[in-house]
**Q** 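Have a look at this one before I ask anything.
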Amino acid sequence: MNRHRRRVVITGMGVVTPLGDTVEGLYQSQIEGRSGISRITIFDPGSFPTQIAAQVKDFRLAKYLGADASRFEKAGPNSQFALAAAKPALADAGLLDPGAGDRTRMGVYLGAGEGKQDFYHLIPTIAKCSDPHRLQVDASAFYRHGSSGFDPRSEREQEMHTCTAHVADVYALEGPNYSCLTACAASSQAIGEGADLIRRDEADVILAGGAHSMIHPFGITGFNLLTALSVENSEPSKASCPFDARRAGFVMGEGAGMLVLEDLEHAQRRGAKIYAELTGYGTTADAFRVTDSCPDGRGAVACMRGALQDAGLAPEQIGYINAHGTSTQVNDRGESIAIKTLFGPRAYQIPVSSSKSMLGHLIAAAGAVELVICVMTLLRGIIPPTMNYEVPDPDCDLDYVPNQAREKRVDHILSNSFGFGGQNVSLIVSRFSGK
Amino acid sequence: MSTAWPRTVITGIGVLTPIGEGIDPFWQSVMAGQSGVKRISLFDATGFPIRIAGEVTGFDAKKYIDKKDRKSLKMMARSIQMGVAVSGMALKDANLDPSQFDPTRIGIDFGASLIASDLDELAPGAHVSTDHGKKPVDMQIWGTQGLAVMPPLWMLKYLPNMPACHVSIMHNLQGPSNTITENDVAGLLSLAEAKRIIERGLADVMLTGASDSRINPLSLTRLSLFQQFTKRNDDPARACRPFDRERDGIIPGEGACNLILEELSHAEKRQASIYGEVVGAGAAQDRHRDGQGIARAIQAAMKQAGITAAQLDHINAHGYSHPHFDVMEAKGIRQAFGDQAPPVFAAKGYLGNIGSPGGPAELAISLLAMKHGSLPASLNYEYPDPECPLHVLHGEPKPITKDYVLKISFSDLGQCCAVVVKRWQD
């Protein structure tokens, strides 16, 4: 077909993660196998079944925004992390100065998550406004108590479109502005669809990625009720053990990952440093169950295949797979089956590892942070391990790069992100050859 | 834009709105000039500063959902139920049975906003962990006794991606799936994205749209804290007045809309009836909230469509009925078109602000207008506002005389989207 599809490269990266707020530090931690998981301190985890998480440590927005940070003191952690990670990403790309380039051709696409619900006001307010026997909340009483107890600015910051608006406004990115939330696939989806805006000439630059924190009482409540979280409170750094037979739930993480996606010619014209090319994107739905992914991995297979087709690559060209690898029974089994279905016998020769063994699961932000790790792996030639892999599971019999990083030059990396509810996204990053 | 891209047409409409469930009552209400804004009946709003809304009264999801799927309804908040209901409606209107086609070639791109928790569900845990509201939450108690009295699937009832998930499961749609969360502009952005997905060859059919419900104590309490609502509680039908000088704030609403987007040859092969072709879309951030972003979104959509202002029959505006945002929109339209600005239709007088599905639901009025040859009047436009120098269509319906319509949506934080649709002529 006679239609021009522009090529998309990555020209800047920034992160805020449980393993540091520099791309270099994050990657170094990953190849050294350091864990970011510890006891929850953001709130009192009391007697929750799960009392551990991968928290971002010592975060202060002022470190990144200076005095401007006070404007966002009521913003959710998602927005604060996004604002913090966007700055080094844009600076890295040479696009931080609002005078650099045509800002109307630069947009934002994030898997942005929601702000934080005010648990500590909401719960007592509900109790005050409901009869202890009938347990029905009186609406007018709720308004009376709620409107005086809730902070208007914090309430506004819960809305899911605040994060992308703040990032666009602060960094003068006046092009298309999208946020999506496909659970754990969101930031990968944002990168894929953001790249499409560039391919289609609707923008020259998209700041793409994600930001999220569900390390709050409602988040842990929700996932504990679903029994999706690890309850290995005694040894936090061992709790996330993807593909290991003992795996028993994921560990909640938080943070942000930002990538500057750019039209190749645009990047070359301005002499930008090019980290890698984003060559493939696949998106599918399991259409199976709300609570589980499809056991035969059909959605994941189709999604990885879609990414390969998009990139014009054959399966044997993939040198490393950065797995979704959540450390839940269902995901890790299904993902392993899907990889074998798609890659056939060759699946056993492809290193597959899970960043989540150290980082925890950054939910909407996970895919973007993991893609940053993939780009570094392309550049450095060292594949990060799956930590805590000790007891093999016969259903998970691939090469998971157990416990030790591995030197290997790879040219194409596939990164998987599968969202709760059955949305699947795969991305492929490729070494940029200069042509 | 190269003509070699696959073409995207709209072949089905499903609407659940304050002015009717389904296309026929919806269309009859707008042609009769009936507003759906009424006193809130879903809960006792006596003590609220906002006591009127665009409600979908009498909505019963069971009407729309097969018996075998009904047990999943208890896993869905009201807005999710609406999203599911409306997708079945749209597929029916499109005369499209997904089971007759390759499931991997049908996808979904939906919009959603925050979904408010049902407060009653949290009440048992709230009582045990706060000594009936006398003390702050005791985290030791919440983590055990509190959790023990919560429904196990509680969180799934409120996740914004769930409308898309349930719809994909119910109709076995295995193609691309995304949920856009840009508040009042989400529905139109999902349509723009679904168009791109069809154009890049990933799907033959995309279900797009959104669902939202803000008519509950938690949402209205929260929104009252930071959103400017109307004070015209005593005059609901005339409260929402886009671009009118007497407008005084937003009227909350709820609803759902689903538009079926289809690749043209796929639609033709199955002899589908076509409402229109999506020929252009654009998005931008209005960073200074002065209309420049709206203008750029319009210009991008018009450029992609390859048409001029003179070819537009009308603009289907966002029209919040908000003192500032309507001025901002008028500036954006003027900046894009100058004195040549086509006449403007604004739908919120009928619907209120139904949130993320507003864009597609309002566009549905223009689609039906192109089909019937007549566009309803904007409701409650009585006193022109010099700050909004637009030709706002009001009074009587007007005949459709040109082939294109431009739809605008934007959010209170400046996210903008514009879409151009061409009337379909066989």
Side-chain angles (χ1 to χ4, degrees), chain A residues 1-3 44 46-48 104 114 120 123-124 126-128 130 132 135-137 139-140 142-144 146-147 150 152 155-156 158-162 165 168-169 173-183 189 193 196 200 221-222 224-226 283-285 287-288 290 299 302 421-423, chain B residues 2 4-5 43-48 104 114 119-120 122-124 126-127 130 132-133 136-137 139-140 142-144 147 150 152 154-156 160-162 165 168-169 172-174 176-183 189 193 196 217 221-222 224-226 283-285 287 293 296 411 413-415:
Chain A
M1 250 175 283
N2 169 34
R3 50 189 207 202
D44 171 12
S47 58
F48 274 95
T104 68
E114 67 293 323
Y120 297 100
I123 293 300
I126 289 171
K128 270 179 220 153
S130 55
L135 296 169
Q136 274 175 345
V137 175
S140 294
F142 182 81
Y143 174 76
R144 211 165 50 244
S147 58
F150 297 135
E155 291 302 317
R156 179 171 204 169
Q158 274 181 42
E159 304 281 328
M160 295 182 288
H161 64 318
T162 52
D169 290 347
L173 304 168
E174 301 183 23
N177 190 289
Y178 282 77
S179 67
C180 68
L181 199 54
T182 43
Q189 192 130 29
E193 293 296 339
D196 193 53
R200 300 289 303 278
T221 294
N224 265 161
L225 286 169
L226 292 168
T283 157
T284 64
F288 178 65
V290 174
Q423 304 105 138
Chain B
S2 160
W5 291 100
F43 67 94
D44 178 6
T46 319
F48 281 66
T104 66
L114 278 185
L119 298 174
D120 292 351
L122 294 168
H127 276 277
T130 64
H132 306 294
V137 188
M139 297 304 278
Q140 292 296 333
W142 176 268
T144 48
L147 262 60
M150 302 253 310
W154 170 72
M155 191 173 63
L156 296 184
N161 57 323
M162 281 298 144
C165 292
S168 72
I169 291 166
N172 189 26
L173 316 178
Q174 297 179 29
S177 170
N178 197 11
T179 295
I180 308 277
T181 50
E182 294 267 76
N183 211 276
L189 285 172
E193 187 167 281
R196 285 195 299 275
T221 297
R222 291 184 53 248
S224 299
L225 292 172
F226 58 85
Q285 173 67 6
R287 194 166 157 244
R296 281 185 287 106
S411 79
L413 295 177
Q415 289 113 342

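Below, read A as the first sequence line, B as the second, and so on, with proteins coming before strands; counting in each chain starts at 1. All figures in this text were calculated on a predicted structure; none of them were measured in a lab.
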**Q** Between T130(B), L147(B), T144(B), V137(B), which shows the greatest number of heavy-atom pairs under 4.5 Å with chain A?
**A**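 Option with the top pair count is L147(B).
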
**Q** Taking side chain as everything from C-beta outward and backbone as N, CA, C, O, which of these in T221(B) sits under 4.5 Å from a heavy atom of chain A? Side chain, backbone, both or neither.
**A**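 It is both, since atoms from each part get that close.
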
**Q** Please evaluate residues M150(B) and N224(A) with respect to the criterion side chain to side chain contact (heavy atoms under 4.5 Å, CB included), reporting the C-alpha separation (whole Å), side-chain torsions for both, the decisive distance (0.1 Å), and the verdict.
**A** CA-CA 11 Å; M150(B) 302 253 310; N224(A) 265 161; over 6 Å; no

**Q** Find the distance between CG (D169(A)) and CG (L413(B)) and round it off to the nearest 0.5 Å.
**A**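 Going from the CG atom of D169(A) to the CG atom of L413(B) covers 7.5 Å.
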
**Q** Can you tell me if S179(A) uses its side chain to pair, donor with acceptor, with the backbone of T181(B) under 3.5 Å?
**A**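 Yes, S179(A) side chain to T181(B) backbone: donor-acceptor pair under 3.5 Å.
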
**Q** Between chain B and each of F48(A), Y143(A), Y120(A), count heavy-atom pairs under 4.5 Å; write down the option with the most.
**A**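 The answer is Y143(A).
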
**Q** Give the minimum heavy-atom separation between I169(B) and F288(A), together with the two atoms involved.
**A**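 In this case the closest contact between I169(B) and F288(A) is CG2-O, 3.4 Å.
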
**Q** Report yes if the side chains of M155(B) and L225(A) come closer than 4.5 Å at any heavy-atom pair, otherwise no.
**A**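 No; the side chains remain at least 4.5 Å from each other.
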
**Q** Need one label for T179(B): side chain, backbone, both or neither, based on atoms under 4.5 Å from any heavy atom in chain A.
**A**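 Both backbone and side chain.
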
**Q** Rounded to the nearest 0.5 Å, what's the gap from CG on L122(B) to CD1 on I123(A)? Could you check?
**A**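 Rounded to the nearest 0.5 Å, the CG-CD1 separation comes out at 5.0 Å.
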
**Q** Do you know the tightest heavy-atom contact between A283(B) and Y178(A)?
**A**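 So the minimum-distance heavy-atom pair works out to CB-CE1, 4.2 Å.
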
**Q** Let me know if I180(B) has heavy atoms under 4.5 Å from chain A in its side chain, its backbone, both or neither.
**A**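 Both backbone and side chain of I180(B) come within 4.5 Å of chain A.
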
**Q** Measure from the side-chain N and O atoms of Q174(B) to the backbone N and O of A287(A), and report whether any donor-acceptor pair falls under 3.5 Å.
**A**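 Judged by distance alone, no pair lies under 3.5 Å.
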
**Q** Would you say R296(B)'s side chain and E174(A)'s backbone share a donor-acceptor pair under 3.5 angstrom?
**A**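 Yes; at least one donor-acceptor contact below 3.5 Å.
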
**Q** Rounded to the nearest 0.5 Å, what separates atom CG in L156(B) from atom CG in L226(A)?
**A**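 Spacing of CG (L156(B)) from CG (L226(A)) equals 5.0 Å.
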
**Q** For D120(B) and V137(A), indicate whether the former's side chain and the latter's backbone hold a donor-acceptor pair under 3.5 Å.
**A**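 Side chain of D120(B) to backbone of V137(A): a pair is present.
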
**Q** Please step through side chain to side chain contact (heavy atoms under 4.5 Å, CB included) for the pair L225(B) and R156(A), ending with a clear verdict.
**A** CA-CA 8 Å; L225(B) 292 172; R156(A) 179 171 204 169; over 6 Å; no

**Q** Side chain to side chain contact (heavy atoms under 4.5 Å, CB included) between L135(A) and H127(B): does it pass, once the steps are laid out?
**A** CA-CA 8 Å; L135(A) 296 169; H127(B) 276 277; 3.4 Å; yes

**Q** I'd like to know if the side chain of E193(A) and the backbone of E193(B) have a donor-acceptor N/O pair within less than 3.5 Å.
**A**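 Looks like no, no N/O pair under 3.5 Å.
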
**Q** Can you tell which of A285(A), G222(A), A302(A), P124(A) has the highest number of heavy-atom pairs within less than 4.5 Å of chain B?
**A**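 Answer, by heavy-atom pair count under 4.5 Å with chain B: A285(A).
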
**Q** Of the listed residues (P160(B), P124(B), A284(B)), which shares the most heavy-atom pairs with chain A below a 4.5 Å separation?
**A**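 The answer is A284(B).
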
**Q** Which distance, rounded to the nearest 0.5 Å, do you find between the CG of D44(A) and the CD of Q140(B)?
**A**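 These two atoms lie 6.5 Å from each other.
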
**Q** Donor-acceptor pair, T283(A) side chain versus S177(B) backbone, under 3.5 Å?
**A**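 Yes: the side chain of T283(A) pairs with the backbone of S177(B).
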
**Q** Pick whichever of Q285(B), M162(B), H132(B) has the most heavy-atom pairs under 4.5 Å with chain A.
**A**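 Answer, by heavy-atom pair count under 4.5 Å with chain A: Q285(B).
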
**Q** Measure the spacing between CG of L189(B) and NE2 of H161(A) and express it to the nearest 0.5 Å.
**A**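 So the gap between those two atoms works out to 11.5 Å.
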
**Q** Give the C-alpha distance, both sets of side-chain angles, the deciding distance and a yes or no for side-chain hydrogen bond (donor to acceptor under 3.5 Å, both in side chains) between Q423(A) and N178(B).
**A** CA-CA 8 Å; Q423(A) 304 105 138; N178(B) 197 11; over 6 Å; no

**Q** Pick from S168(B), P176(B), G47(B), A45(B): which one has the most heavy-atom pairs with chain A under 4.5 Å?
**A**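 Option with the greatest count: P176(B).
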
**Q** Would you mind checking which part of S224(B) comes under 4.5 Å of any heavy atom in chain A, side chain (CB onward), backbone (N, CA, C, O), both or neither?
**A**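 The side chain, not the backbone.
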
**Q** What part of F150(A) is in contact with chain B, defined as an atom under 4.5 angstrom from a non-hydrogen atom: side chain, backbone, both or neither?
**A**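 F150(A) touches chain B through backbone and side-chain heavy atoms alike.
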
**Q** Do you know which of A123(B), S411(B), P136(B) has the most heavy-atom pairs with chain A at a distance under 4.5 angstrom?
**A**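 Between A123(B), S411(B), P136(B), the count favours A123(B).
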
**Q** What distance do Q136(A) atom CD and F43(B) atom CZ have between them, rounded to the nearest 0.5 Å?
**A**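 That separation rounds to 14.0 Å.
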
**Q** Just do the side chain to side chain contact (heavy atoms under 4.5 Å, CB included) check on E182(B) and N177(A) with the steps written out, would you?
**A** CA-CA 8 Å; E182(B) 294 267 76; N177(A) 190 289; 2.7 Å; yes

